[in-house]
Every structure is written in structure tokens, then in C-alpha cells.
Amino acid sequence: LFGDGLAIAFSGAEDVALIQYAKLTGRPFRVFSLDTGRLNPETYQLFDDVEKHFDVKIEFTFPDEDAVTKLVNDKGMFSFYEDGH
């Protein structure tokens, strides 16, 4: 019905159910995540556990280093909390 272009954005434990359901369909799917560089060690362990358990490879993307450096230098380390992002 919707083709084979399913992609799941994975950011933590709440998304495991989506991966489980996608796996049950037997159809191809991708899993991706944005690594902000501010994730705790338990999150990285969860990523590894999910990859092994579901036999999937999570595709990681990273923010542009120059843009993040400029943002932090211009607005501070926590502007994303203070500016209502």
C-alpha cells in the first residue's frame, strides 16, 4: 500500500515498539537516529542492544560541527532550553 520506504526515527526506549512492529511485518525498513553528542552512556548501550536484538543497523547522523560550535559560542550551552526550541 505505501511501498517499501519505511524509516523509523529512533531516539530511545519508547521507539522499540515501532521497531518490533516493523520487524513483524517482514517488510524492509530503516532505523535512523540523530546523535547530538549529548546522549548518556545508557542510551548508547540501548542502541547497541536494539541493533543486536532486532538484527538491524541504526544509521546515525550528526549535527554540523561548525554550526553547533557557532550556536554554542553565540548563545551559550543551554540556549535550546532557554529559547523555547
Side-chain angles (χ1 to χ4, degrees):
L1 179 64
F2 295 104
D4 292 329
L6 177 63
I8 299 169
F10 183 73
S11 60
E14 64 278 1
D15 300 319
V16 172
L18 296 174
I19 295 171
Q20 175 69 40
Y21 290 134
K23 194 75 171 174
L24 289 172
T25 70
R27 299 183 74 174
F29 65 95
R30 297 174 37 236
V31 180
F32 66 94
S33 185
L34 173 63
D35 185 340
T36 62
R38 293 183 173 209
L39 303 176
N40 60 47
E42 293 83 4
T43 301
Y44 291 110
Q45 183 62 56
L46 177 63
F47 289 155
D48 188 60
D49 293 344
V50 166
E51 286 184 324
K52 290 174 182 169
H53 181 79
F54 292 103
D55 192 28
V56 297
K57 180 71 177 147
I58 299 172
E59 302 168 22
F60 292 98
T61 57
F62 303 88
D64 179 87
E65 182 179 353
D66 292 336
V68 172
T69 299
K70 182 175 179 353
L71 175 69
V72 170
N73 287 335
D74 289 351
K75 300 186 86 180
M77 187 64 73
F78 298 103
S79 68
F80 58 94
Y81 289 126
E82 298 161 353
D83 292 349
H85 293 258

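The structure displayed is predicted, hence computed values, not measured ones. Residues take their numbers from the sequence shown, with the count starting at 1. Hydrogens, waters and symmetry mates play no part in the numbers below; they use all other heavy atoms, side chains included.
- Of all the heavy atoms in Ile58 and Glu51, the pair that sits closest is N-OE2, 2.8 Å.
- The local environment of OH in Tyr21 is sparse, with at most 12 non-hydrogen atoms from other residues, nucleotides or ligands closer than 6.0 Å.
- Using a 4.5 Å heavy-atom cutoff, the side chains of Val16 and Val50 are in contact.
- Grouped with Phe32 in a hydrophobic cluster is no other residue, since no side-chain heavy-atom contact under 4.5 Å to another Ile, Leu, Val, Met, Phe, Trp or Tyr is found.
- Smallest separation of non-hydrogen atoms from Ala22 and Ile8: CB-CD1, 3.7 Å.
- A donor and an acceptor atom, one from each side chain of Ser11 and Asp15, are located under 3.5 Å apart.
- For the pair Arg38 and Phe78, the cation-pi test (distance below 6.0 Å, angle within 45°) is passed.
- Atom CG of residue Leu34 and atom CZ of residue Phe62 lie 8.5 Å apart, to the nearest 0.5 angstrom.
- Summarising the local packing, CD of Glu14 is surrounded by more than 12 heavy atoms from other residues, nucleotides or ligands at distances under 6.0 Å.
- A donor-acceptor contact shorter than 3.5 Å links the side chain of Lys23 to the backbone of Phe54.
- The distance from the CG atom of Asp66 to the CG atom of Leu71 is 12.5 Å, given to the nearest 0.5 Å.
- Here the CG-CD1 distance, from Leu24 to Ile19, works out to 12.0 Å after rounding to the nearest 0.5 Å.
- For the side-chain hydrogen bond (donor to acceptor under 3.5 Å, both in side chains) test, no residue two or more places apart in sequence or in another chain qualifies with Thr36.
- At distances below 3.5 Å, at least one donor-acceptor pair connects side-chain atoms of Ser33 with backbone N or O atoms of Phe10.
- With rounding to the nearest 0.5 angstrom, the CD atom of Glu82 is 9.5 Å from the NZ atom of Lys75.
- Residues Phe47 and Leu39 are in side-chain contact: their nearest non-hydrogen atoms beyond the backbone lie under 4.5 Å apart.
- Partners of Gln45 according to the side chain to side chain contact (heavy atoms under 4.5 Å, CB included) rule, which considers only residues two or more places apart in sequence or in another chain, are Asp48, Asp49.
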Checklist entry - Taking it one step at a time, do Asn40 and Thr43 satisfy side chain to side chain donor-acceptor pair (under 3.5 Å)? => result CA-CA 6 Å; Asn40 60 47; Thr43 301; 2.9 Å; yes
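- Nearest heavy atom pair, residue Pro63 against residue Val68, reads CB-CG2, 3.7 Å.
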